[in-house]
Amino acid sequence: MALRRSVFLESPLVRRKLQALKKPTPSSPFYPLNFGKFTYPPLLSQCSSGISFCSLSSSSSSSSSSMEAPPEGYRRNVGICLINPSKKIFAASRIDIPGSWQMPQGGIDDGENPKDAAIRELREETGVTSAEVVAEVPYWLTYDFPPEVREKVNREWGTDWKGQAQKWFLLKFTGKEEEIDLLGDRSEKTEFFEWSWLSPEQVYELVVDFKKPVYKEVLVVFAAHLQ
């Protein structure tokens, strides 16, 4: 199987979804398609200069938001919004869900700090190690598994999770694109087939429906870094 950068126009399903973005209607979730005009969530901390995005330094081992307990019944997970110098977002197509693209994510190991988990998952899924943590969503975001997904993943994991509670981090890619390898670091099963740099609107449009509310909030929180 070839794991490659996508020309992003090969799949008819992807083409149809992106064509719809070019002709937004008032019923579209992002009409008009401009994340910069969205109202920031009230849970973000306020300061005299405006919104505080809870910046992380490379020397910090944890943050107060990372120490908050996630909701019970949800698997602890991290999400990674990786951006390039053009402020486009890394997304990849899932092997197991045709036509579905997403940002990297993965479970947090027992005793592992969420920021460390984000760096590890990015390496395992994409091979990327040249990245700097810029910001984090300072609270947990959750989504519920649809019934058929819940049955499948809990059977595989031997658990009974309702869904996933995620801590999201924004990372800036500082390497060369040759570093990106969807075989990752070969420590885990390959999850992705193709990858591309996308706009926030494209990322939202191509993710599975049950993750869209989380993606919308993540993109709003990180909007200042995506413009």
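Side chains included, hydrogens not; waters and symmetry mates left out as well; all remaining heavy atoms used.
- Using modelled atom types, one finds a donor on one side chain and an acceptor on the other under 3.5 Å when comparing Ser130 with Glu179.
- A salt bridge links Glu136 to Lys167: one of the charged nitrogens lies within less than 4.0 Å of a carboxylate oxygen.
- Applying the side-chain contact (heavy atoms from CB on, under 4.5 Å) criterion to Asp209, with sequence neighbours excluded, gives Lys212.
- Scanning both residues, Asn84 and Phe173, for their nearest heavy atoms gives CA-CB, 4.5 Å.
- Between Asp144 and Lys162 there is no salt bridge, since no side-chain nitrogen of the basic residue lies less than 4.0 Å from a carboxylate oxygen of the acidic one.
- Of the residues Gln105, Arg75, Arg76, the one that meets the side chain to side chain donor-acceptor pair (under 3.5 Å) test with Gln166 is Gln105.
- Side-chain atoms of Gln102 and Lys211 include a donor-acceptor pair closer than 3.5 Å.
- Taking the six-membered ring where tryptophan is involved, the planes of Phe210 and Tyr143 are tilted, since the angle between them lies from 30° to 60°.
- Within the 4.5 Å cutoff, the side chain of Cys81 has heavy atoms near those of the Ile89 side chain.
- Gly79 and Trp168 get closest at one heavy-atom pair: C-CE3, 3.3 Å.
- Looking only at side-chain heavy atoms (C-beta outward), Val134 and Leu171 stay at 4.5 Å or farther from each other.
- Partners of Pro213 under the side-chain contact (heavy atoms from CB on, under 4.5 Å) rule, at least two apart in sequence or in another chain, do not exist in this structure.
- Screening residues 104-126 for ring-ring contact (aromatic ring centres under 6.0 Å, His included) gives no qualifying pairs among residues at least two apart or on separate chains.
- More than 12 heavy atoms of other shown residues, nucleotides or ligands fall within 6.0 angstrom of atom CD in Glu156.
- Glu148 has no carboxylate O lying under 4.0 Å from a charged side-chain N of Lys152, or vice versa, which leaves the two without a salt bridge.
- Thr174 and Ala131 make their closest contact through OG1-N, 3.6 Å (heavy atoms, listed as atom of the first residue, atom of the second, distance).
- Between the side chain of Asn77 and the main chain of Gln164, no donor-acceptor pair closer than 3.5 Å is present.
- If you check the side chains of Trp197 and Glu177, you find a donor sitting under 3.5 Å from an acceptor.
- One finds no salt bridge joining Glu124 and Arg186 here, because no Lys/Arg side-chain nitrogen approaches an Asp/Glu carboxylate oxygen to under 4.0 Å.
- Taking the six-membered ring where the residue is Trp, Phe90 and Trp195 present parallel rings, their angle staying beneath 30° rather than reaching 60°.
- In this model, no donor atom of one side chain and acceptor atom of the other lie less than 3.5 Å apart for Tyr215 and Glu205.
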